[in-house]
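Reviewing the structure listed below.
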Amino acid sequence: MRRPRSPLVVDGLLAAALTLLAQVELVLVADRVSGSLPVQHAAFLLMTVPVVLRRRAPFWAVTICSVGMFVQTLAGEAPVVGGFLAMLVLLFSLGYYASLRAGLLALAIMAAAATSYDILGEKLVVADLVGNLAIVVGVWLMARVIRSQSDRRVEAELARDRAAREAVQAERTRIARDLHDSVAHSLTVMTLQAGGARERTDDPVIAEALGHIGDTGRQALGDMHRFLRLLGPEGEGPESPGLADLDEIIGRVRAAGLDVDLQVTGDVGDVPASVGATAYRIVQEALTNTLKHSRATRADVQLRVQQGQIDVDVTDDGHAGDGRLGLGAGRGLAGLEERVAVYGGELAAGAESSGGWRLRASIPTTAAGQP
């Protein structure tokens, strides 16, 4: 794969091409050039060579070119296009790369040089003067507009990337909190059971081993609490919501005007807390997107716990063209996809061929499907 040329090399080649063009033109039209030919050659060199600096030092490039234009005007007429092309290139570069303050100053210098022929000539033609000013200012303004639009596109892209990273980070924090709740519960039960068994055994070896289990469990719990506090306020909040809290969020969505039907198949009590929290987040994200981005009037939520996994299926009667994004494009969906992947599950979202929108996920609930 070929490496792209550096901007300085590109600008150098452009400056060389314009310089060669202007100098060759001077030779070809020497009989129509007024004044000293060597002076004209030097003046056009001052106009074309600064193109090499058009990105690195646009203010000085335009200023040097303006000096060349003024010298060329004093020397006399020279029907050469190369210098005019260099002026246009430098004016555009000034508008695109220079600051507003430096650009306005260099623009005034260039405008004075470009209109010097009309002002110093034997007869002032107002139309020519206005036309030259319009060309100079127009090219600079066009470059400023293009640069402004480019900056806005870049800023918008950076803002989207930043928001996506923040959303993923927030989701990772919630995952850590949910895992903490689930694992902490298991460690607590294990520690209590070890302590109870230790009280009931008469074997000192077994009692010592059970004591070590209890100590290790309590130490692990302490470490988990300390690590979770490093995540900040998100990790210090109330317990993560789970499947038992679905009625609450569905009630809020119904109050907002969306008719929601919830169907649960199987025993949700067999679903680990961390997996249940993920299923809750999936339903929450799906219903929130329906409210925010569609004209749907109804949504159906189905939860099925069977064969060592929980299936979450949320559909609505919205439209495919209502502005919603598929998997991998939305910030919330990106976080959910990563969250489901932690458990070895699958997540899919998109428009249905029959109409409406669907978000579905399958998450293992067995120990084999969890990290």
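Quick note: residue numbers are just sequence positions, from 1.
For the pair Q306 and T265, the minimum side-chain heavy-atom distance is 4.5 Å or more. Using a 4.5 Å cut-off on side-chain heavy atoms (C-beta onward), W357 and E352 make no contact. Within the 4.5 Å cutoff, the side chain of R147 has heavy atoms near those of the D151 side chain.
A donor-acceptor contact shorter than 3.5 Å links the side chain of D317 to the backbone of T297. A donor-acceptor pair is defined here as one N or O able to donate and one able to accept, closer than 3.5 Å; such a pair exists between the side chain of T63 and the backbone of F59. Panel note: side chain T365, backbone G308; a donor-acceptor pair is recorded below 3.5 Å. Under the 3.5 Å distance criterion, the side-chain polar atoms of S150 are left unmatched by any main-chain donor or acceptor of I146.
Ion pairing between a basic and an acidic side chain is recognised when a charged N comes within 4.0 Å of a carboxylate O; R254 and D259 show no such pairing. Of the charged side-chain nitrogens involved, at least one lies within less than 4.0 Å of a carboxylate oxygen, so that R54 and D11 count as a salt-bridged pair. A salt bridge does not link E157 with R153: none of the charged nitrogens is closer than 4.0 Å to a carboxylate oxygen.
Atom CD of E346 has 12 or fewer heavy atoms from other residues, nucleotides or ligands within 6.0 Å.
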Is there a side-chain hydrogen bond (donor to acceptor under 3.5 Å, both in side chains) between S362 and D311? Walk through the geometry before answering.
CA-CA 4 Å; S362 297; D311 297 322; 2.8 Å; yes
side-chain hydrogen bond (donor to acceptor under 3.5 Å, both in side chains) between Q263 and D261: does it pass, once the steps are laid out?
CA-CA 7 Å; Q263 295 183 4; D261 179 61; 3.2 Å; yes
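Judged by distance alone, the side chains of S148 and R144 never bring a donor and an acceptor atom under 3.5 Å apart. T290 and D316 share a side-chain donor-acceptor pair at under 3.5 Å.
Linking Ile, Leu, Val, Met, Phe, Trp and Tyr whenever their side-chain heavy atoms come within less than 4.5 Å leaves V136 and L129 in two separate clusters. One hydrophobic cluster holds both L90 and V81 under the rule that ILVMFWY side chains link at heavy-atom gaps under 4.5 Å.
With V49 as the fixed residue, the side-chain contact (heavy atoms from CB on, under 4.5 Å) test singles out one of L53, L45, L46: L45.
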